[in-house]
Amino acid sequence: MSLIGATTMDWPDQYKRGVIMWKVPRNIKMNDNIVVREDEFAVFYRDGKALMYIDKPDRYALTSQNAPIIGKLIQYLSGVKQWAEVYYLQRKPFDVKFGSKQPYQFRDKDFGIVNLRLFGEARYRVSIPENFINEFVGTLNYTTADEINGRIQEQIVLLTYDVLGDLKNKGTGVTDLASQLTTIEQFVLERAKEHFELYGIELQKLSGLYISMPEEVQKAVDQRSSMQVLGADYMTYQTGQAMREAASNPSGGGAAGTGVGLGAGMGMGVGMAGMISQAMASTTQQQAAPAAAAAAPAATPDVMTVAEAAAYLKVTPADVQALITGGQVKAKQIGTDFRISKKVLDDFLAS
């Protein structure tokens, strides 16, 4: 069609790709024709507000003969101002990615104020064409799809921040957020129903939500998670990390640096930790000797805790934990505790 001086108006396909809204370049008046397809709304706008919209596909001739069908629009065009602007809107859903431009300051009881950033994807569609035009065109004076998408993205981020604030007030910490992402998405969708009605939009889907933390906080969270999985305290965990780093650094000199290999490096790490632990244990044992001499010897159980295994091997619990972590002693984990067979310990001593 010719965009200038045309009497028939429609939305050319070449202007539709990735665009939710398109304004007809010229105003409409009586005797013009409007084409509305199945995937479109046609909204008529004047004086800062939407007059009406058409959502049934057809070709509409703006004449008094069609008054029974579009009588309200004919009435608007028959007064003093015999014109109106036409905006086409797509009915299909649109997918957008969103991300926070400014960090959200989350006050955590363990880590203090943590700056969070979030990212995700959303799907929305036009649900109330008149509200959509009134808000984006009439109130915000937007003319492009990029402006509209930008506004929607900002509002999704704000809704997510509101949900995070509620969770924080209920005692949720940053270490808990990763396990609640699906719940956060559902909370945002519920709040979006009322929030986006003003914009004439239905938020249909929220997915791929990702909340990032500063690197130092993320490391602390990862460390805490690892300690919980291993059932270890901070000192035991640090000892295990030091052994791993020593074993994986062949350029550090000593036997590992001369090509003895990873297995020997780990053995050295365990040996060094054991020497230190044995020295500490020796002092403890000397201090406890009078009390131990007074006590009657107890029978060695067939299944031992980490503490009992440490007493049996005459080492510290940290040494036993390191042997379990390194795979040198097999143990059965029950919850956060371990149980070790006496036979396993005897076989280890005999090896």
Side-chain angles (χ1 to χ4, degrees), residues 16-21 39 41 89-129 131-132 135-136 140 142 144-226 228-229:
K16 275 190 172 183
R17 297 186 187 91
V19 177
I20 193 171
M21 179 182 74
D39 61 343
F41 298 106
L89 303 175
Q90 294 220 44
R91 300 167 68 109
K92 71 174 186 179
F94 275 76
D95 293 324
V96 294
K97 294 182 179 181
F98 62 88
S100 54
K101 296 179 181 178
Q102 299 296 329
Y104 176 75
Q105 293 189 332
F106 189 99
R107 184 179 293 277
D108 184 85
K109 61 181 180 180
D110 295 324
F111 299 103
I113 296 179
V114 180
N115 289 327
L116 302 179
R117 293 186 179 272
L118 58 91
F119 309 90
E121 299 179 359
R123 175 172 296 170
Y124 72 92
R125 72 175 185 91
V126 176
S127 57
I128 310 175
N131 285 12
F132 186 96
E135 185 64 22
F136 286 111
L140 299 174
Y142 287 171
T144 67
D146 287 342
E147 291 175 315
I148 293 170
N149 282 336
R151 183 72 174 190
I152 294 172
Q153 292 161 351
E154 290 175 359
Q155 296 304 305
I156 294 173
V157 170
L158 289 176
L159 284 177
T160 308
Y161 282 169
D162 286 344
V163 171
L164 290 178
D166 288 346
L167 291 175
K168 175 187 62 177
N169 294 336
K170 293 178 181 179
T172 301
V174 291
T175 57
D176 305 315
L177 294 179
S179 63
Q180 298 192 35
L181 293 179
T182 302
T183 301
I184 294 172
E185 291 175 352
Q186 293 302 315
F187 284 161
V188 174
L189 284 176
E190 290 175 5
R191 298 190 182 190
K193 294 177 182 178
E194 180 178 358
H195 184 84
F196 279 108
E197 184 176 348
L198 170 67
Y199 297 92
I201 286 174
E202 176 191 4
L203 193 63
Q204 295 183 319
K205 181 181 178 183
L206 197 67
S207 61
L209 183 63
Y210 173 71
I211 300 176
S212 69
M213 294 177 279
E215 183 178 357
E216 62 275 12
V217 176
Q218 186 63 58
K219 286 182 178 179
V221 171
D222 292 343
Q223 185 182 75
R224 177 174 295 184
S225 299
S226 298
Q228 290 175 346
V229 170

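This one's a predicted model, so the numbers in the text were calculated from it and none came from an experiment.
- With sequence neighbours left out, the side-chain hydrogen bond (donor to acceptor under 3.5 Å, both in side chains) criterion links R117 to no other residue.
- With a 6.0 Å cutoff to the six-membered ring centre and a 45° limit on the axis angle, K92 counts as a cation-pi contact of F94.
- Residues passing the side-chain hydrogen bond (donor to acceptor under 3.5 Å, both in side chains) test with N149, sequence neighbours excluded: Y124.
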(request) Just do the side chain to side chain contact (heavy atoms under 4.5 Å, CB included) check on N131 and I201 with the steps written out, would you? (result) CA-CA 8 Å; N131 285 12; I201 286 174; over 6 Å; no
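- In this structure, T182 OG1 and F187 CZ are separated by 11.5 Å, a value rounded to the nearest 0.5 Å.
- Residues satisfying the side-chain contact (heavy atoms from CB on, under 4.5 Å) criterion with D146, sequence neighbours excluded, are T144.
- Under the side-chain contact (heavy atoms from CB on, under 4.5 Å) criterion, D108 pairs with F106, D110, F111, V114, V174, not counting sequence neighbours.
- Looking only at side-chain heavy atoms (C-beta outward), D95 and E121 stay at 4.5 Å or farther from each other.
- Closest heavy-atom contact between G18 and A145: O-CB, 4.3 Å.
- Applying the side-chain hydrogen bond (donor to acceptor under 3.5 Å, both in side chains) criterion to Q90, with sequence neighbours excluded, gives no partner residue.
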Side-chain atoms of residues 203-210: list all donor-acceptor pairs with protein atoms under 3.5 Å, sequence neighbours left out, distances to 0.1 Å.
none

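- If you take CG on L118 and CD1 on I156, they are separated by 10.5 Å, rounding to the nearest 0.5 Å.
- Applying the salt bridge (charged side-chain N to carboxylate O under 4.0 Å, His left out) test to residues at least two apart or on different chains, the pairs with a partner in residues 149-167 are K101-E154, D166-R191.
- With sequence neighbours left out, the salt bridge (Lys or Arg N to Asp or Glu O under 4.0 Å) criterion links E194 to no other residue.
- Between I148 and M21, the closest side-chain pair of non-hydrogen atoms falls below 4.5 Å.
- R91 and R125 get closest at one heavy-atom pair: O-CB, 4.2 Å.
- For the ring-ring contact (aromatic ring centres under 6.0 Å, His included) test, residues two or more places apart in sequence or in another chain that qualify with F136 are F132, Y199.
- To the nearest 0.5 angstrom, K193 atom NZ is 15.0 Å from H195 atom NE2.
- Contacts of T183 classified as side-chain hydrogen bond (donor to acceptor under 3.5 Å, both in side chains), with partners at least two apart in sequence or in another chain: none.
- A distance of 8.0 Å separates NZ of K109 from OG1 of T175, quoted to the nearest 0.5 Å.
- In this structure a side-chain-to-backbone donor-acceptor pair under 3.5 Å is missing from T172 to K168.
- N169 places a side-chain N or O within donor-acceptor distance of the main-chain N or O of G165, the cut-off being under 3.5 Å.
- Evaluation of the ring-ring contact (aromatic ring centres under 6.0 Å, His included) rule for Y104 yields Y161 as partners, not counting sequence neighbours.
- Taking CD of E197 as the start and CD of E135 as the end, the distance is 12.0 Å to the nearest 0.5 Å.
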(request) Check step by step if side chain to side chain contact (heavy atoms under 4.5 Å, CB included) holds for Q155 and L158. (result) CA-CA 5 Å; Q155 296 304 305; L158 289 176; 4.0 Å; yes
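- Rounded to the nearest 0.5 angstrom, Y142 OH and E147 CD are separated by 6.5 Å.
- Applying the salt bridge (charged side-chain N to carboxylate O under 4.0 Å, His left out) test to every pair with at least one member in residues 179-189, sequence neighbours left out, gives no pairs at all.
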